[in-house]
Undergrad: 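Structure in C-alpha cells, see below.
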Number of protein chains: 4
Amino acid sequence: MSELRVKRDPEGTRRRILEAATEQFTKFGLAGARVDAIATAAGTNERMLYYYFTSKEGLYVAVLEAMYGKFAERESSVDLTGLPPAEAIRQLAQSIWTYLRENPQWLSLINNENLHEGRYLERSSTMRETISPVVDLLRTILQRGTATGEFREGIDPLDFYVTLVGMGYYIVSNRYTLEAFTGRNYADHVRQKTISTMHVDMLLSYLRPADNRA
Amino acid sequence: MSELRVKRDPEGTRRRILEAATEQFTKFGLAGARVDAIATAAGTNERMLYYYFTSKEGLYVAVLEAMYGKFAERESSVDLTGLPPAEAIRQLAQSIWTYLRENPQWLSLINNENLHEGRYLERSSTMRETISPVVDLLRTILQRGTATGEFREGIDPLDFYVTLVGMGYYIVSNRYTLEAFTGRNYADHVRQKTISTMHVDMLLSYLRPADNRA
Amino acid sequence: MSELRVKRDPEGTRRRILEAATEQFTKFGLAGARVDAIATAAGTNERMLYYYFTSKEGLYVAVLEAMYGKFAERESSVDLTGLPPAEAIRQLAQSIWTYLRENPQWLSLINNENLHEGRYLERSSTMRETISPVVDLLRTILQRGTATGEFREGIDPLDFYVTLVGMGYYIVSNRYTLEAFTGRNYADHVRQKTISTMHVDMLLSYLRPADNRA
Amino acid sequence: MSELRVKRDPEGTRRRILEAATEQFTKFGLAGARVDAIATAAGTNERMLYYYFTSKEGLYVAVLEAMYGKFAERESSVDLTGLPPAEAIRQLAQSIWTYLRENPQWLSLINNENLHEGRYLERSSTMRETISPVVDLLRTILQRGTATGEFREGIDPLDFYVTLVGMGYYIVSNRYTLEAFTGRNYADHVRQKTISTMHVDMLLSYLRPADNRA
DNA sequence: TATGAATGAGCATTCATTCAT
DNA sequence: GATGAATGAATGCTCATTCAT
C-alpha cells in the first residue's frame, strides 16, 4: 500500500535530520542554529535528534563529517592524466574553485570551525587523508613540469595547494564583505572569471623557471 | 567626599563595554555572545549596554565600526614613497599580512559578517572609503612599475589587492582547520615566513612583463 | 541452534527489572528514579518494563510488595521460645535493629512512601498481617514477664513494638543528618552498639514493675 | 498611592519564593518539586527564582537553611530553670515532640536530605551549633538530677537527646506507613498522648538509679 | 517475548530586554 | 548616568510512554 507519509523509516529520518541540520548550521553557525527548527525542517520532533545524535554538538560533528565525506569523494575523482603540466594545473585549480563556488555552505562550516578553534574537527580523525590524494596528484604534476623544464624546481606542493585553495576560498567566503569594501560583486560570474584568470596566471608565472624569465 | 570607586564615568563605561563586546563577539559570534557576559566583563550592568547601544545588534554594529576605524587608520599610515616598485609591493604586502596576523579577531568578525551575508555591514556607509587609499597607493606603485618597464601593463589594482589580502587572510583565518587538514601549523612563525615568501614571489612574477620572460 | 545470548528469559527479565528498580527507587525516590536507567541497569529496554509492570508507578508498587515479602519472611523466622522474658526482649530488639541496619534501602522506601502519604501502600492489603506475628510474639513475651513478676502490667504490645522499632529506625534512617547535627557517625559499629545498649536498658527499665523500684 | 499589587518588592518576592519552595520541596522532595509550580505559587516568574537563588538546588539549600534557623530559634527559647529535674525532662521532651508534631514538613525535608545522603546539608556550616544549646540544657538537667540522687550517673546527654528526638520523630514521620502496618492512626491526638506518656515513662525509668530499683 | 523507533508534553535553565528608582 | 528588579519567550534537553515490527 502506498502512503504519502512513511511511518517507520529510521534511515530516512536520520538522513532528513542531517540535511536539515546542515542547512541550519551553515546558515546560523553552531550557536545560532536552533534544534527545534532543525527538527521541524526534518519533519520529525526534537526527541529523535537526540535519539540519533545524542546532542546538538553531536549532530554538528555528524554534519562536519558528512561534509568531509562528500568533499573527499569529489576531490579524488579528478582525472588529469595525459594533460600537459600547465594545463593540468589550470584544470585542477578550476575544478577546486568550482567546487568552492558551488558549495559556499561548506565554507561557512569551515569558518565556524575556525571560530571554535577547530575543537570539533579534532574529534573526527580522518581529515588529513582527505586532501592527501589531491596533494599527491599536484606533486606528480609539478614533477612532470620540472622534468620537461616548464616548471622551476623546489616547489613545496602542500604550500602551493594551500595558496591555490585560499585564492578561491577567500573570494567565495568573503563575497559579502568584499562587496561592501570594494563595491564589486565577486559572486558575479564574469567577475569570478576575470579574477580566476588572474589567479591561474599568477600560479603559472610563479612556476616558470627563473632562466626563462630574464 | 573622596571615594575610591568613581561612580560616574560615561566615556569610560562606554569604552569598556565596547572592548568587552569586541572580545565576546570575536570569540563567539553575534549569536554566541552573551550580553550579561559582556556587561560583567565591562564591570557594569546589562542596563548600561542598552543605554549606550540600544540593543545587542546595535552594540555589534558599533564593534564593527570601531574595528573598521582602527583598520583604516593603520592602512593609510604606510609610507612607501621613494621605494623601487617591486620593493614597494613587497613591503605593502608584508605590512597588510602582518596586520592580519596580529588581529585574528578582526578576521573572526569579518567571517561572522559573511555568515550574516553582510547584513550589519551595509548599515555602515563608510566602508568603501576605508580601503580606497591603499588601493590608490597600489595603483600608483603599479603605474610606476609599468613606467619603468618592470611591471606589465593592464593590471587591475583592485583585483590585485583582493588577491594579495586573500593570501594572508586565508592562512590566518583558517589556521585551525588547516592544521587538521594538512598537519601543518600555519600560525607558526617559520611556516608563515616560508609561505609569505612564496606569495610575494607569486605576486611579483605575475607582475613581470611577458617580454622579460621568454 | 545454540546461541551464546539467551534471547528469551521472561522470569529472568522480570526479576532483573525488579532488582534494578529497587535500587533506583531506594536511591532516588519515585520522582527521582528514571525508567531508562532502570531498563539499562536491568540489561533490557524500556518497553519491557511496561510490558511487565504497566507503568512506572506499577513498578514502584511491585518493588514495595517485594520488599514487604522479604521483610515479613524474616520477621516471622525469629525463635525466642524458652528464653527468659528480659533476654527475649533483648534478642527481639537486636534482631529487628540488625535487620534495619542491614537494609537501609528498605527505610528509604518507607520514607518515600510517607512522603507520598502512603498512597501506594494502601493498594496492597496484606501489610497489617505482616507485622502481626511479631506483635503476637511480643505479647506472649510480655505476658510471660508479667506472670513471673518481672514486668509490670498493662503494657500495650503494639505501642511498645512501635517504640522499639522507632529507636532503631531513627538512627539508621537519619544517619546522614545526625552526623551533620551531632558530629557523631551513628553508622559506626561502636556507636551503634553503645546507643542500642542504652535503648535496651531503656526498654527493660520501663518494663520493670513500680514495686521493684522504690 | 495604595495599590493592591506591589510592583517592586525585592524582600517580599524573595520571601514568597522561599515560602512557596518550602511547601513544594516538603511535599514532593527535591526531584519531585517543579520550579514553575514554585514560581506560580510565589506569584512571580521562574526567572526571579534564578535571580535570587541561582538554581533549583540553591533554592533547596536556602529552604533547608531557613528551616534550620526557625528550628534553632525555637529550641533555644525553652526555659526550664527552677523545675525539678524529672519535670524538666518531661517538659523538654514534650516541647520537642510538640514541635515535631506541628512541623511535619520539617521532617519531610530532613528525610529528603537523608535520601541525598546529606549532600546539601554539608554545604551549610552552622548545623552543629543549632542543637548544642539544647544538649547543654539537657546536660545541666542531668547533672542536677545526678546531684540530688534522682538520676543515675554516666548518662551520655547526646545519645539521650538523639533517643528522645527519635521517639517523637518516628511516629510523626512514619504516620502514614504506621497506619498501614498497625491499623493505628498515630496522628490522632489521643493516640499521640498515650504513646508519648509511654515514652516519657521510658526515659525517666531509664534515668532512675539502680539502687532505687531493687 | 522482545526491541528499535517515535512522540509530545514537560523539564530546569537562559535569553535579550524593560521597568522603576 | 547608573542600578537592582522584573519579565516572557525561548533554549537545549529529558521525561514516561506508545507504536510498529
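Note on naming: letters A, B, ... go to the chains in the order of the sequence lines (proteins, then strands), and numbering restarts at 1 for each one.
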Undergrad: Check whether any side-chain heavy atom of C:Val63 lies under 4.5 Å from a side-chain heavy atom of C:Leu109, and answer yes or no.
TA: yes
Undergrad: Figure out the CD1/P separation between C:Ile38 and F:dT17, and round it to whole Å.
TA: 11 Å
Undergrad: Only one of A:Thr22, A:Leu64, A:Leu49 passes side chain to side chain contact (heavy atoms under 4.5 Å, CB included) with A:Leu59; say which it is.
TA: A:Leu49
Undergrad: Output one letter per nucleotide in nucleotides 10-15 of chain F: B when a protein non-hydrogen atom lies under 4.0 Å from the base, S when only the sugar-phosphate is that close, - when neither is.
TA: -SBBBB
Undergrad: Both atom distances under 3.5 Å, Watson-Crick or G-U wobble: I'd like the secondary structure of DNA chain F as a dot-bracket string, with | for pairs made across strands.
TA: .||||||||||||||||||||
Undergrad: Tell me whether the side-chain N/O atoms of A:Tyr52 come closer than 4.0 Å to OP1 or OP2 in E:dA6.
TA: yes
Undergrad: Over how many whole Å does the gap from C:Gln24 atom CD to F:dA16 atom C1' extend?
TA: 15 Å
Undergrad: Report yes if at least one side-chain N or O of B:Thr44 is closer than 4.0 Å to OP1 or OP2 of F:dT3; otherwise report no.
TA: yes
Undergrad: Less than 4.5 Å apart, any side-chain heavy atom of A:Arg16 and any of A:Thr13?
TA: yes
Undergrad: Who passes side-chain contact (heavy atoms from CB on, under 4.5 Å) against C:Leu30, sequence neighbours left out?
TA: C:Phe25, C:Lys56, C:Tyr60, C:Asn112, C:His116, C:Tyr120
Undergrad: Looking at C:Glu23 and C:Lys27, does any basic side-chain N land under 4.0 Å from a carboxylate oxygen?
TA: yes
Undergrad: Side-chain contact, heavy-atom cut-off 4.5 Å: C:Tyr52 with C:Leu18?
TA: no
Undergrad: Any side-chain heavy atom of A:Glu65 within less than 4.5 Å of one from A:Val61?
TA: yes
Undergrad: For the side chain of D:Met48, starting at C-beta, report the closest nucleotide among F:dT7, F:dG1, E:dA2.
TA: F:dT7
Undergrad: So A:Arg14 and A:Phe53, do their side chains get closer than 4.5 Å, heavy atoms only?
TA: yes
Undergrad: To the nearest angstrom, how far is D:Asn45 atom CG from E:dA12 atom C1'?
TA: 14 Å
Undergrad: According to a strict under-4.0 Å criterion, is D:Thr13 in side-chain N/O contact with OP1 or OP2 of F:dA5?
TA: no
Undergrad: CG of B:Leu59 versus P of E:dA16: gap in Å, rounded?
TA: 11 Å
Undergrad: Do D:Lys70 and D:Asn103 have side chains that approach each other closer than 4.5 Å (heavy atoms only, starting at C-beta)?
TA: no
Undergrad: In this structure, how many angstroms lie between the P atom of F:dA16 and the OH atom of A:Tyr51, rounded?
TA: 17 Å
